[in-house]
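Following: one structure in structure tokens, then a few remarks.
In this text the structure is predicted, and so the values were computed from the model without any measurement.
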Amino acid sequence: MKNLQDTTTLLNGVNMPGFGLGVWQVKEGNEVVNSVKYAIKAGYKSIDTAAAYKNEAGVGQAIKETGVPREELFITTKVWNADQGYESTLTAFEQSTKKLGVDYVDLYLIHWPVAGKYKDTWKALEKLYKDGKVRAIGVSNFHQHHLEDLLADAEITPMVNQIELHPLLTQVELREFCKSIGMKVEAWSPLGSGKILDNPVIKEVAEKYNKTVAQVILRWDIQHDIITIPKSTKENRIIENADVFDFELSAEDMAKIDGLNKNERTGPDPDNFNF
């Protein structure tokens with residue numbers, strides 16, 4: 001990636017921006033509307049939301065108000081756990097597109113691997129894809145064993161796996177498995193929900209490049225071919241987060257950051273969640 005508009009090619013040939021805005025925990029109403037507008041004004045093309053975030057309507061309002069042509073943007077949303085299953089997923093999708101005010105979604109994901117449900121949910125995603133309502137389909141928070149189970153019956157291989165991924169949780173084995181089947185990996189909470197912004201090792205690297213810790217982490221994502229979607233509600237931070245295309249981390253500094261892994265999660269383990 002050389003700039004904010006650069007894309008990575010998914011398994012089906014669709015081009016997805018490698019950098020976007022995540023709106024998890026961004027409040028519906030002015031907060032999310034302004035965040036999305038700041039991002040689009042700064043040149044972002046990719047916006048990642050979900051039914052569970054309860055801010056799809058605000059994302060849709062912001063898109064409408066910016067006046068940017070729909071086809072220039074890449075919109076991701078996700079089906080929530082309570083809506084999983086075949087028919088209920090199709091209904092949930094219609095509700096999401098209505099809230100977003102769009103005719104199609106660029107990427108639709110299964111939010112979590114709900115046992116006994118995600119295979120039927122995947123069949124619904126395959127239908128939406130075949131019907132042209134979604135340009136690409138994928139999953140979120142799937143471990144390798146979930147993916148292997150899904151692939152045993154899937155007609156279409158998921159194109160993206162969006163997972164918690166940051167320097168304290170590098171998920172190397174899962175990333176390698178995804179790569180082996182042609183799936184792209186996308187990082188949610190790439191900054192560890194803010195918990196690694198005072199990491200001394202990354203601070204030292206950041207000083208060397210005259211960059212912020214956040215910028216170094218996001219650059220690390222880019223150089224690992226990880227799609228990244230940092231969240232912020234502040235215009236200056238949204239602009240700053242994307243200012244990562246004028247430097248390159250050395251192999252030595254990449255390895256230093258790789259070495260910080262502790263398999264430490266800020267969110268739930270996909271093998272052990274109860275929602």
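Note on Arg70 versus Asp106: salt bridge recorded, some NZ/NE/NH1/NH2 to OD/OE distance being below 4.0 Å. Between Glu240 and Arg237, at least one side-chain nitrogen of the basic residue sits less than 4.0 Å from a carboxylate oxygen of the acidic one, meeting the salt-bridge criterion.
Using bins of under 30°, 30° to 60° and over 60° for the plane-to-plane angle, the ring pair Tyr118/His146 lands in the perpendicular bin. Using cut-offs of 30° and 60° for the angle between ring planes, the Trp188 and Trp24 rings count as perpendicular. Using the six-membered ring where Trp is involved, His145 and His143 have ring planes that are tilted, between 30° and 60° apart.
Enclosure of atom NZ in Lys45 by more than 12 non-hydrogen atoms of other residues, nucleotides or ligands within 6.0 angstrom is indicated. The neighbour count for Glu204 CD, taken as heavy atoms of other residues, nucleotides or ligands under 6.0 Å away, does not exceed 12. More than 12 non-hydrogen atoms from other residues, nucleotides or ligands lie less than 6.0 angstrom from NZ of Lys123. Counting heavy atoms of neighbouring residues, nucleotides and ligands inside a 6.0 Å radius, atom CG of Asp103 does not exceed 12 of them. Heavy atoms from other residues, nucleotides or ligands lying under 6.0 Å from CD of Glu173 number 12 at most. Within 6.0 Å of the CG atom in Asn210, the count of heavy atoms belonging to other residues, nucleotides or ligands does not exceed 12. Open room surrounds NZ on Lys27; 12 or fewer heavy atoms of other groups in view lie less than 6.0 Å from it. The number of heavy-atom neighbours closer than 6.0 Å to NZ of Lys41, taken from other residues, nucleotides and ligands shown, is 12 or below.
Using a 4.5 Å heavy-atom cutoff, the side chains of Leu260 and Ile196 are not in contact. In this structure, Asp149 and Lys119 have side chains that are in contact, with non-hydrogen atoms separated by less than 4.5 Å. The shortest distance between side-chain heavy atoms of Thr8 and Asp225 falls below 4.5 Å.
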Which atom pairs, donor and acceptor, lie under 3.5 Å between side-chain atoms of residues 227-235 and protein residues at least two apart or in another chain?
unit_1	atom_1	unit_2	atom_2	d
Thr228	OG1	Asp221	OD2	2.7
Ser232	OG	Lys234	N	3.2

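With no hydrogens or angles considered, a side-chain donor-acceptor pair links Tyr53 and Lys78 at under 3.5 Å.
In the hydrophobic clustering of ILVMFWY residues, with side-chain heavy atoms under 4.5 Å counting as a link, Ile75 and Tyr44 come out together.
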Could you walk me through whether Gln162 and Asp48 pass the side-chain hydrogen bond (donor to acceptor under 3.5 Å, both in side chains) check? CA-CA 11 Å; Gln162 185 184 114; Asp48 178 278; 2.9 Å; yes
Just do the side-chain contact (heavy atoms from CB on, under 4.5 Å) check on Asn15 and Thr9 with the steps written out, would you? CA-CA 5 Å; Asn15 292 323; Thr9 306; 3.0 Å; yes
Which is it for Phe275 and His111 under the ring pair (Phe, Tyr, Trp, His ring centres under 6.0 Å) test, yes or no, and what are the steps along the way? CA-CA 11 Å; Phe275 45 82; His111 209 149; 8.3 Å; no
Trace of the side-chain hydrogen bond (donor to acceptor under 3.5 Å, both in side chains) decision for Thr170 with Asp258: CA-CA 7 Å; Thr170 55; Asp258 290 342; over 6 Å; no
